[in-house]
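Report on the following structure.
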Protein chains: 2
Amino acid sequence: MENDSTAKSLKLFIVLSRAFKAINEHVNKVIQANGLNPTEFAVLELLYHKGDQPLQQIGAKILLASGSITYVVDKLEQKGLLKRIACPTDRRVIYASITDEGKNMIQDIFPEHANQIDKLMSSLNESEKDTAIDLLKKLGLPAGKF
Amino acid sequence: MENDSTAKSLKLFIVLSRAFKAINEHVNKVIQANGLNPTEFAVLELLYHKGDQPLQQIGAKILLASGSITYVVDKLEQKGLLKRIACPTDRRVIYASITDEGKNMIQDIFPEHANQIDKLMSSLNESEKDTAIDLLKKLGLPAGKF
DNA sequence: GAAAATTATCTCGATTTCAAAATTATTATA
DNA sequence: TATAATAATTTTGAAATCGAGATAATTTTC
């Protein structure tokens, strides 16, 4: 069987997966209760906090295949929450831009979303959260060689 | 805007999500390279390490809706990697049981899988892993009240 | 012991996602 | 400036997942 280091890494992977899935499940419920799916929320939230983005950038930032971007952006555009804007200097590029209606939606949802997450994290005190943040940052890196 | 505690919780949620997704992405590639999808692997691995399970237990343990369980178990049964076994004492219950072929499959994949995870976790030393495990365990709980 | 409530599985339809190919535009090269 | 290579988006078809309802079996309650 595997050695101690491997066993510990496996254990860490399991608790990491559990923690993420457990929290994510509840977070998604809040989002869905507001009429969006998690991917739609992620796109809107990105545009709201980071400004207009080329479709391709959206895919890169929230880990979505190109075909899926078109689908989600179509959905959000149909709902009037974002609009497509052609790039004036490169006709291959299309920006997604959040509408006022989209901004209102995020402003409605975000406080509840943040509050929910804070509650789900309340089993850790502030200093434990700091420690967890530092450790998890190291795990989220581009990934070493292998 | 939100207060300091909320901001820190949001930050923790972001690094948790990034870490999980980054690692999971690589783990899934190993699994898919071996002809299974992540859900199929999770089911097989559960049966391999924990023994036969009623279908419902599978759903509870790997967070899968009832309709999805039937689908995945069908797929694995078609591939000959598990079989359904009727429960002798309760005719509503059906056990999923891994076949010899399924065991071989897990024995082939698991060492590479474990090794891959160990490499992906190598940015933390052993004591940091222990700390991370303790903290993440607290986050993965059934979830408090809200 | 019959009726009601619960539990387990499956069916069906809709949604979401991906992968591969197609289209259109731009940039590099010869 | 053609031609080839690269890049961004869309289209298409298939796979995976979910949710609601259907079916069948068991347990609880009266």
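A note on names: the letters A, B, ... follow the listed sequences, proteins ahead of strands, and every chain is numbered from 1.
Rounded to whole Å, the distance from CD1 on B:Ile69 to C1' on C:dA8 is 9 Å. Nucleotide D:dC18 holds its P atom 10 Å from the NZ atom of A:Lys21, rounded to whole Å. The interatomic distance linking A:Ile94 (CD1) with C:dT24 (C1') rounds to 10 Å, in whole Å. For B:Ile31 and D:dA16, the CD1 to C1' distance is 15 Å, given to the nearest whole Å. Taking atom CG of A:Asn24 as the reference point, atom C1' of D:dC18 lies 15 Å away to the nearest angstrom. Going from atom CG of A:Asn28 over to atom P of D:dT17 covers 15 Å, rounded to whole Å. Atom OH in A:Tyr95 sits about 9 Å away from atom P in D:dT9, given to the nearest Å. One interatomic measurement links the two molecules: CD of A:Glu25 to C1' of D:dT17, which rounds to 14 Å at whole-angstrom precision.
One finds a side-chain N or O of A:Lys75 lying less than 4.0 angstrom from the OP1 or OP2 phosphate oxygen of C:dT16. Remark: B:Arg84 is not in phosphate contact with C:dA8, judged by side-chain N or O atoms under 4.0 Å from OP1 or OP2. In this model, the phosphate group of C:dT24 is not approached by any side-chain N or O of A:Arg91 to a distance below 4.0 Å at OP1 or OP2.
With a 4.5 Å cut-off on side-chain heavy atoms, A:Ile58 and A:Leu47 count as touching. Counting heavy atoms from C-beta outward, B:Phe41 and B:Gln32 have side chains that stay 4.5 Å or more apart. Proximity of A:Glu40 to A:Lys79: side-chain heavy atoms (C-beta onward) are separated by under 4.5 Å at one or more points. Residues B:Leu120 and A:Phe13 fail the side-chain proximity criterion, which asks for heavy atoms closer than 4.5 Å. Between B:Met121 and B:Ile23, some side-chain heavy-atom pair lies under the 4.5 Å cut-off. Side-chain atoms of B:Leu12 and A:Leu124, non-hydrogen and from C-beta on, do get closer than 4.5 Å to each other.
Picking from D:dA16, D:dT11, D:dT26 the nucleotide with the shortest atom distance to the side chain of B:Arg92 gives D:dT26.
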Grab the N/O contacts between the protein and nucleotides 17-21 of chain C below 3.5 Å, and write none if there aren't any.
unit_1: C:dT17; atom_1: OP1; unit_2: A:Thr39; atom_2: OG1; d: 2.3
unit_1: C:dT17; atom_1: OP2; unit_2: A:Thr39; atom_2: OG1; d: 3.2
unit_1: C:dC18; atom_1: OP2; unit_2: A:Ala65; atom_2: N; d: 3.1
unit_1: C:dC18; atom_1: OP2; unit_2: A:Ser68; atom_2: OG; d: 2.7

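Taking the charged nitrogens against the carboxylate oxygens, B:Lys50 and B:Glu45 have no contact shorter than 4.0 Å, which rules out a salt bridge.
Taking for each of A:Val93 and A:Asp74 the nucleotide of DNA chain D with the nearest heavy atom, the 5'-most of the two is the partner of A:Val93.
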